[in-house]
Amino acid sequence: MGSVEKRNRDGKVSYLARWRDDARRQRKRSFTRKVDADRFLAQVEGDILRGQYVDPSDKTTVVEYARRWAAGRAHRPTTARRVSGLIETHIAAAPLGSRRLAAVVPSEVQAWAADRSKVLAPSTLRNLVGLLRSVYAAAVLDRLVGRSPVVRISLPSAHRERIVPLTVDQVRDLAASMPVRNQAMVIVQAGLGLRLGELLALRVQDVDYVARTVRIEWQFAPQSKVRTEPKTRRSRRTIPLPQVVATAIREHSAQFPPAADGTIFTTRFAGPYRHDYYGSLIFSAAVERAGLPKGTTSHDLRHHYASVLLMQSESVIVVAERLGHENATLVLSTYGHLMPDSEERTRRAVDDAWGCAPDVPPGDDSTA
């Protein structure tokens, strides 16, 4: 049990609370009023009994623990870089980062989130707040804080604009606007729905012309030319090989032989492309030459692929498998408005349920 000792030095009275922490180490803290010392000691002893004791002298800051937390996570290299970037840019550089971990209160987190909302998109801000929430959840388990202050944080709504996919003619114009060496890359990505890293890592041995399939086994991560496994288990998949893609790969390989390791799309120096070089320089320039909407990226070719499948009445489950998504929910939320004849199906569903025949326009004898 702890104790409170009255002390008088040079006429100044203070009260020294003493206790042993959960590791049996002697601790102490001084107060000017006995009631505050007693209240504090009771709180500490209660926390020790409940297994919720937090060392009040710990001076670990938010950013120090966030870095420690990130270093201990089994993140993929790309995820590790992204998390590190968020921590350094939006936690370390903010006043919150230098605050003592256990001293932060919810209002401070809310103020920090409001400040970050001025420079971040709503979806990115949600990811950032989620990261801080995970950091504090770990700190609670490590008993560096009693409870997390990342609670009931008000965030701006994340409004996602409806996707308007590129048409086949627009994709053709884009391919024609690319340098000859890169034209097939547009057709292949649009015809297989690949992520950019999957496209850049595609090899000759991944393409089976007999079975008419393409196997996605590898990707190049951003800022890397080393093959790594795709981002999720579902990302490793087999995709049907359309004839237009098979022809594009054959013609490209005849003109630009693959690298020794089988990489199909290479630079003039026989090396693989980096994301930034291909996407920011080559692709962006072609988008401008083709007169496509500003902001069009290689990812829009994935959207084109999904829209083509949905317009041909492929199920959302099949589309999710082709794209390498974990489930069909993302396909529905992203592309649901592209499903064919959805308005007419809605009308027919309600009319059929009510046994109501639709009105026939004057002069329309189609039902006669």
Is the shortest heavy-atom distance from the side chain of Pro242 to the side chain of Leu192 under 4.5 Å?
yes

Check whether any side-chain N or O of Glu5 sits under 3.5 Å from a backbone N or O of Leu16 as a donor-acceptor pair, and report yes or no.
no

If you group Ile, Leu, Val, Met, Phe, Trp and Tyr by side-chain heavy-atom gaps below 4.5 Å, do Leu194 and Val308 land in one group?
no

Side chain Glu45, main chain Ala42, donor-acceptor under 3.5 Å:
no

Do Val129 and Trp112 pass the side-chain contact (heavy atoms from CB on, under 4.5 Å) test, and can you show the C-alpha distance, the side-chain angles, and the key distance before you say yes or no?
CA-CA 10 Å; Val129 172; Trp112 166 78; 4.1 Å; yes

Got a salt bridge between Lys12 and Asp10, using NZ or NE/NH1/NH2 to carboxylate O under 4.0 Å?
no

Quick one: CD1 on Ile249 to CG on Leu202, what's the gap to the nearest 0.5 Å?
5.5 Å

So does Gln189 get a backbone contact from the side chain of His304, meaning a donor-acceptor N/O pair under 3.5 Å?
no

Is the NZ or CZ atom of Arg250 both under 6.0 Å from the centre of the six-membered ring of Tyr209 and within 45° of that ring's axis?
yes

Heavy-atom side-chain contact between Phe31 and Asp38 under 4.5 Å:
no

Which of these, Arg236, Arg302, Gln219, Arg237, sits in a side chain to side chain donor-acceptor pair (under 3.5 Å) with Glu198?
Arg237

Using every non-hydrogen atom in the two residues, find where Lys34 and Tyr15 come nearest and quote the distance to one decimal.
N-CD1, 3.3 Å

Mark yes or no for whether Glu217, through its side chain, and Asp206, through its backbone, hold a donor-acceptor pair below 3.5 Å.
no

Determine yes or no for a side-chain-to-main-chain donor-acceptor pair under 3.5 angstrom, with Asp300 supplying the side chain and Thr297 the backbone.
yes

Under 4.5 Å between any side-chain heavy atoms of Glu288 and Ser177, yes or no?
no

Side chain to side chain donor-acceptor pair (under 3.5 Å) assessment of Ser235 paired with Arg195
CA-CA 10 Å; Ser235 295; Arg195 300 179 178 93; 3.2 Å; yes

Quick one: pull up CZ in Arg33 and CZ in Arg39 and give me the separation to the nearest 0.5 Å.
6.5 Å

Side chain proximity check, Leu196 to Phe283, heavy atoms < 4.5 angstrom
no

What are the two closest non-hydrogen atoms of Ser30 and Ser14, and how far apart are they?
OG-CB, 3.8 Å

Return yes if some donor-acceptor pair links the side-chain N/O of Thr247 with the main-chain N/O of Val244 below 3.5 Å, else return no.
no

Could you give me the CA-CA distance, side-chain angles and deciding distance for Leu131 and Ile91, then say whether side-chain contact (heavy atoms from CB on, under 4.5 Å) is met?
CA-CA 10 Å; Leu131 185 153; Ile91 297 180; 4.1 Å; yes

Nearest heavy-atom contact between Val151 and Pro106 is CG2-CG, 4.1 Å

Sub-4.5 Å side-chain heavy-atom contact between His303 and Ser307
no

OG1 of Thr61 to NZ of Lys59: how many Å apart, nearest 0.5 Å?
12.5 Å

Do Val83 and Arg73 touch side chain to side chain, with heavy atoms closer than 4.5 Å?
no

Do the side chain of Gln205 and the main chain of Asp261 share a donor and acceptor less than 3.5 angstrom apart?
yes

Can you label the angle between the His252 ring and the Phe256 ring as parallel, tilted or perpendicular, going by 30° and 60°?
tilted

Test side chain to side chain contact (heavy atoms under 4.5 Å, CB included) applied to Leu200 and Met185, Arg227, Arg274, the passing residue:
Met185

Assigning hydrophobic clusters by single linkage (Ile, Leu, Val, Met, Phe, Trp, Tyr; side-chain heavy-atom cutoff under 4.5 Å), is Ile163 placed with Leu301?
yes

Is there a side-chain contact between Met178 and Ile282, using heavy atoms and a 4.5 Å cut-off?
yes

Counting only heavy atoms not in Arg147, do more than 12 sit closer than 6.0 Å to its CZ atom?
no

From the options Leu155, Ile153, Val119, select the one residue that forms a side chain to side chain contact (heavy atoms under 4.5 Å, CB included) with Leu125.
Leu155

For Thr266 and Arg181, work out which heavy atoms get closest and say how close.
O-NE, 2.7 Å

Rounded to the nearest 0.5 Å, what separation is found between the CZ atom of Arg81 and the OG atom of Ser224?
6.5 Å

Might you point out which heavy atoms bring Ala306 and Val319 nearest each other, and give the distance in Å?
CB-CG1, 4.2 Å

Please step through side-chain contact (heavy atoms from CB on, under 4.5 Å) for the pair Ile239 and Tyr305, ending with a clear verdict.
CA-CA 12 Å; Ile239 304 173; Tyr305 177 78; 3.6 Å; yes

Do Leu310 and Val316 have side chains that approach each other closer than 4.5 Å (heavy atoms only, starting at C-beta)?
yes

Donor-acceptor pairs under 3.5 angstrom involving side-chain atoms of residues 166-176: please list them, not counting sequence neighbours.
unit_1	atom_1	unit_2	atom_2	d
Thr167	OG1	Gln170	N	3.1
Asp169	OD1	Arg172	NH1	3.3
Gln170	OE1	Thr167	N	2.9

Once rounded to the nearest 0.5 Å, what's the spacing between atom CZ of Arg68 and atom CG of Leu144?
6.5 Å

Do Leu199 and Leu309 belong to the same hydrophobic cluster, where Ile, Leu, Val, Met, Phe, Trp and Tyr are linked whenever their side-chain heavy atoms lie under 4.5 Å apart, directly or via other members?
yes

Applying side-chain contact (heavy atoms from CB on, under 4.5 Å), run through Val207 and Ile264 and close with a yes or a no.
CA-CA 10 Å; Val207 182; Ile264 296 174; 4.1 Å; yes

Indicate yes or no for a side-chain donor-acceptor contact from Tyr65 to the backbone of Ala138 under 3.5 Å, with no hydrogens or angles considered.
yes

Can the positive tip of Arg29 be found less than 6.0 Å from the middle of the six-membered ring of Phe40, inside 45° of the ring normal?
yes

Roughly how far, to the nearest 0.5 Å, is the CG atom of Leu141 from the OG atom of Ser148?
11.0 Å

For Arg133, all residues meeting side-chain hydrogen bond (donor to acceptor under 3.5 Å, both in side chains), sequence neighbours excluded
none

Quick one: does Gln110's side chain have a donor or acceptor within less than 3.5 Å of a partner on Ser154's backbone?
yes

For atom CD1 of Ile317, decide whether the heavy atoms of other residues, nucleotides or ligands shown that lie under 6.0 angstrom number more than 12.
no

Counting N and O atoms only, with roles assigned by atom type, does the side chain of Ser117 sit under 3.5 Å from a partner on the main chain of Ala114, one being a donor and the other an acceptor?
yes

Assigning hydrophobic clusters by single linkage (Ile, Leu, Val, Met, Phe, Trp, Tyr; side-chain heavy-atom cutoff under 4.5 Å), is Ile87 placed with Leu101?
yes

Exercise: identify the closest heavy-atom pair between Ser284 and Gly279:
OG-O, 2.9 Å

With a 4.5 Å cut-off on side-chain heavy-atom distances among I, L, V, M, F, W and Y, is there a chain of contacts connecting Val109 to Val54?
no

